[in-house]
Amino acid sequence: MLKVDTLYGPIDADLFQRFKAIELLVCDVDGVFSDGTILLGNKGEELKAFNTKDGYGIKALTKIGVKVAVITGRKSSIVEQRMTALNVDHIMQNREDKLTAINELITEFGYTNATIASVGDDMPDLGMFSVSAIGIAVADAHPFVKQQATFCTTLPGGRGAVREICDIILQAKGKLFDIHGASV
């Protein structure tokens, strides 16, 4: 089986070609962009930690025309604020039925299954996998989700998993070092 070397280790050459076709990256938020921790203050305020490396990866993808969507079962002004700052194209909150949500994106914007990668960490994310060319589980995803995934990241949610995916897409499209300003 042919492998392609990435910054995160070798991956199957056929899978690498599927990454090249990705036009829409759809991500869960809690457990993917964050480590899944939700901090609640005494006055009801909610806090989440986001990884700046993940944010850089998202901005790099949008620079080359890859669209990004988040679909989350919760509603949070923090998510709206962070995803807007990252120029995320589609922010879908309070959407527990993620299959219906991703199908709305497909219908409204004309994406095809072959051009979609989705990222999740737990059972509600499996519906997104079913209509994606690549269903991606973060390294610390639920074991069943990892079994159903096409690809598992080497890094956990909230700790660089999104950046890993972005870098692989950029590399597959031949844009990794152009965007990041490095030379081979």
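Just so we're clear, the structure is a prediction, and the values are computed from it rather than from any experiment.
- Nearest heavy atoms, F151 versus I168: CZ-CD1, 3.6 Å.
- Residues V145 and L126 have side chains in contact (heavy-atom distance under 4.5 Å, counting atoms from C-beta outward).
- More than 12 heavy atoms of other shown residues, nucleotides or ligands fall within 6.0 angstrom of atom NZ in K3.
- At a threshold of 4.5 Å between non-hydrogen side-chain atoms, the residues R163 and N51 do not count as touching.
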Take K67 and L105 through the side-chain contact (heavy atoms from CB on, under 4.5 Å) test and state the conclusion after the steps. CA-CA 11 Å; K67 302 296 184 191; L105 290 173; over 6 Å; no
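- Here the straight-line distance linking atom CZ of F19 with atom CG of L170 works out to 11.5 Å at 0.5 Å rounding.
- With sequence neighbours left out, A85 forms a side chain to side chain contact (heavy atoms under 4.5 Å, CB included) with no residue at all.
- Shown are V162, I78, L86; of these, the side chain to side chain contact (heavy atoms under 4.5 Å, CB included) with F50 is made only by I78.
- Without hydrogens or angle criteria, Q171 side chain to D5 main chain gives a donor-acceptor distance under 3.5 Å.
- For the side chain to side chain contact (heavy atoms under 4.5 Å, CB included) with D167, the qualifying choice from T6, L176, L61 is L176, the only one to do so.
- More than 12 heavy atoms of other residues, nucleotides or ligands sit less than 6.0 Å from atom NZ of K48.
- With contacts defined as side-chain heavy-atom distances shorter than 4.5 Å, the pair L99/S130 qualifies.
- I116 is not connected to L15 by any chain of hydrophobic side-chain contacts under 4.5 Å among Ile, Leu, Val, Met, Phe, Trp and Tyr, and they are in different clusters.
- Within the 4.5 Å cutoff, the side chain of E23 has no heavy atoms near those of the T112 side chain.
- In the hydrophobic clustering of ILVMFWY residues, with side-chain heavy atoms under 4.5 Å counting as a link, L25 and L155 come out together.
- In this structure, the side chains of R82 and F33 stay at 4.5 Å or more apart for every pair of heavy atoms.
- Between G73 and K98, the closest heavy-atom pair is N-CE, 4.0 Å.
- Between the side chain of T62 and the backbone N or O of K59, at least one donor-acceptor pair lies under 3.5 Å.
- Shown here for D125 and D121, the closest heavy-atom pair between the two residues is OD2-N, 2.9 Å.
- Checked by atom type and distance alone, the side chain of K146 pairs as donor or acceptor with a backbone atom of A139 at under 3.5 Å.
- Closest heavy-atom contact between C27 and V32: CB-CG1, 4.2 Å.
- Note that the CD1 atom of I38 and the CG atom of L47 stand 10.5 Å from one another [nearest 0.5 Å].
- Other residues, nucleotides and ligands contribute only 12 or fewer heavy atoms inside 6.0 Å of the CG atom of L2.
- A continuous path of ILVMFWY side-chain contacts below 4.5 Å connects I169 to V70, so both sit in one hydrophobic cluster.
- Minimum heavy-atom separation, T72 to D30: OG1-OD2, 4.4 Å.
- Using a distance-only test at 3.5 Å, with no hydrogens or angles considered, no donor-acceptor pair links the side chain of S118 to the main chain of G135.
- In this structure, the side chains of D28 and V119 stay at 4.5 Å or more apart for every pair of heavy atoms.
- Taking NE2 from H142 and CE from M123, the interatomic distance works out to 4.5 Å, rounded to the nearest 0.5 Å.
- At a threshold of 4.5 Å between non-hydrogen side-chain atoms, the residues V29 and R74 do not count as touching.
- Counting heavy atoms from C-beta outward, Q147 and F144 have side chains that approach closer than 4.5 Å.
- Ring pair H90/F109 is tilted by interplanar angle, where 30° to 60° counts as tilted.
- Of the possible donor and acceptor atoms, one in the side chain of S132 sits under 3.5 Å from a partner among the backbone N and O of M128.
- When all heavy atoms of V138 and T153 are compared, the closest pair comes out as CA-OG1, 3.2 Å.
- No more than 12 heavy atoms of other residues, nucleotides or ligands lie within 6.0 Å of CD in E96, so this atom counts as exposed by the packing criterion.
- To the nearest 0.5 angstrom, Q17 atom CD is 10.5 Å from D12 atom CG.
- A donor-acceptor pair under 3.5 Å links the side-chain atoms of K173 to the main chain of I22, judged by distance alone.
- A donor-acceptor pair under 3.5 Å links the side-chain atoms of Q93 to the main chain of S76, judged by distance alone.
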Working for side-chain contact (heavy atoms from CB on, under 4.5 Å), residues I102 and M92: CA-CA 9 Å; I102 197 171; M92 303 176 84; over 6 Å; no
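- I64 and V26 are not part of a single hydrophobic cluster, where members link through side-chain heavy atoms under 4.5 Å apart.
- Environment of CD in E45: crowded, with over 12 heavy atoms of neighbouring residues, nucleotides or ligands closer than 6.0 Å.
- In the hydrophobic clustering of this structure, V66 groups with M83; members are Ile, Leu, Val, Met, Phe, Trp, Tyr whose side-chain heavy atoms approach within less than 4.5 Å, directly or through other members.
- Here the side chain of D89 pairs a donor or acceptor atom with the backbone of V68 at under 3.5 angstrom.
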